[in-house]
Amino acid sequence: MQELRKCILRHWTHSHEEDTQEVAVYRPVDYNFPPSRGRIGFEFMEDGELVYYGIGYADGSEQSSGRWVAEGQNWVRINVENERIQPFELEVVSCDEEALKVRP
C-alpha cells in the first residue's frame with residue numbers, strides 16, 4: 001500500500017457492487033460506474049479537510065464538509081459536519097490509484 005496520507009488524497013466513490021463481507025470498495029470519481037440509485041463518497045484534501053458525499057432526497061447527492069486525520073498506518077478518523085452522521089473511523093486494507101478498500 002502506498003503511504004496512506006498521500007494515497008487517500010482524491011475523490012473516492014463507493015463501488016458497492018464490488019463489496020465483499022471483508023471489504024468495502026471505493027473507486028476514483030471518474031471510474032465508469034454502472035447505474036445506481038445513489039452513491040456515497042469522500043473527497044480527502046491535503047490539509048485535513050473533507051467533503052462527504054451522502055445520498056440525499058430522490059437519490060441525489062448531498063454534500064457535507066468535514067475533517068479527516070490519519071491515525072497510524074491504516075486508520076482514518078472522519079468527522080462530518082452533519083448532525084445525522086456521527087464521527088467514525090475507516091480501517092484501510094489497501095489503497096492505490098485504482099481503489100481504496102476499507103473494512104466495513
Side-chain angles (χ1 to χ4, degrees):
M1 176 168 55
Q2 296 179 17
E3 202 234 320
L4 179 61
R5 287 175 182 84
K6 291 181 182 177
C7 180
I8 204 168
L9 298 178
R10 68 179 66 222
H11 183 164
W12 298 100
T13 301
H14 190 197
S15 183
H16 54 81
E17 300 86 355
E18 299 181 81
D19 287 355
T20 67
Q21 287 188 345
E22 292 81 33
V23 296
V25 179
Y26 291 81
R27 297 280 184 182
V29 69
D30 59 355
Y31 181 78
N32 188 20
F33 294 98
S36 178
R37 298 192 80 194
R39 295 182 184 275
I40 65 167
F42 310 96
E43 185 173 359
F44 295 93
M45 292 169 243
E46 193 168 352
D47 59 1
E49 289 193 39
L50 169 96
V51 177
Y52 176 83
Y53 297 88
I55 299 172
Y57 297 106
D59 298 329
S61 182
E62 175 184 81
Q63 296 180 24
S64 298
S65 298
R67 305 275 313 156
W68 71 276
V69 63
E71 296 185 336
Q73 291 184 345
N74 61 339
W75 286 91
V76 177
R77 184 168 27 98
I78 295 175
N79 290 299
V80 179
E81 296 170 6
N82 183 324
E83 65 273 356
R84 292 179 293 141
I85 302 169
Q86 296 298 312
F88 61 97
E89 292 183 335
L90 298 174
E91 181 183 4
V92 177
V93 175
S94 68
C95 181
D96 58 34
E97 293 181 9
E98 295 182 19
L100 170 66
K101 296 181 180 179
V102 301
R103 289 204 204 284

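Keep in mind that what you see is a predicted model, and the values were worked out from it rather than measured.
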Any side-chain heavy atom of [X] sitting closer than 4.5 Å to one from [Y]?
X: Arg27; Y: Glu98; value: yes
X: Tyr26; Y: Val102; value: yes
X: Phe33; Y: Thr13; value: yes
X: Ile40; Y: Ile55; value: yes
X: Val93; Y: Glu22; value: no
X: Tyr52; Y: Ile85; value: yes

How close do [X] and [Y] get, heavy atom to heavy atom, and via which atoms?
X: Ser64; Y: Val80; answer: CB-CG1, 3.5 Å
X: Val25; Y: Ala99; answer: CG1-CB, 4.5 Å
X: His14; Y: Arg39; answer: O-NH1, 2.9 Å

Report yes or no: do [X] and [Y] belong to one cluster of Ile/Leu/Val/Met/Phe/Trp/Tyr joined by side chain heavy-atom distances under 4.5 Å?
X: Leu9; Y: Val92; result: yes
X: Leu4; Y: Val69; result: no
X: Trp75; Y: Phe88; result: no
X: Val51; Y: Val29; result: no

Start with the C-alpha distance between Tyr53 and Phe42, add both sets of side-chain angles, then the distance that settles ring pair (Phe, Tyr, Trp, His ring centres under 6.0 Å), and finish with yes or no. CA-CA 6 Å; Tyr53 297 88; Phe42 310 96; 8.9 Å; no
If you measure from [atom1] on [X] to [atom2] on [Y], what distance do you get to the nearest 0.5 Å?
X: Gln86; Y: Asn79; atom1: CD; atom2: CG; result: 10.0 Å
X: Leu100; Y: Ser94; atom1: CG; atom2: OG; result: 7.5 Å
X: Ser15; Y: Asn32; atom1: OG; atom2: CG; result: 10.5 Å
X: Cys95; Y: Glu3; atom1: SG; atom2: CD; result: 10.5 Å
X: Asp47; Y: Arg67; atom1: CG; atom2: CZ; result: 6.0 Å
X: Glu46; Y: Arg5; atom1: CD; atom2: CZ; result: 12.0 Å

Using modelled atom types and a 3.5 Å cut-off, is there a donor and acceptor pairing between side-chain atoms of Trp68 and backbone atoms of Glu49?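 Yes.
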Does atom CD of Glu17 have more than 12 heavy-atom neighbours, drawn from other residues, nucleotides or ligands, at distances under 6.0 Å?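 For Glu17, atom CD is crowded (more than 12 foreign heavy atoms under 6.0 Å).
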Taking the six-membered ring of Trp12 as reference, does the cationic atom of Arg10 (NZ for Lys, CZ for Arg) lie under 6.0 Å from its centre and within 45° of its axis?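 Yes; both conditions hold, so Arg10 lies above the ring face of Trp12.
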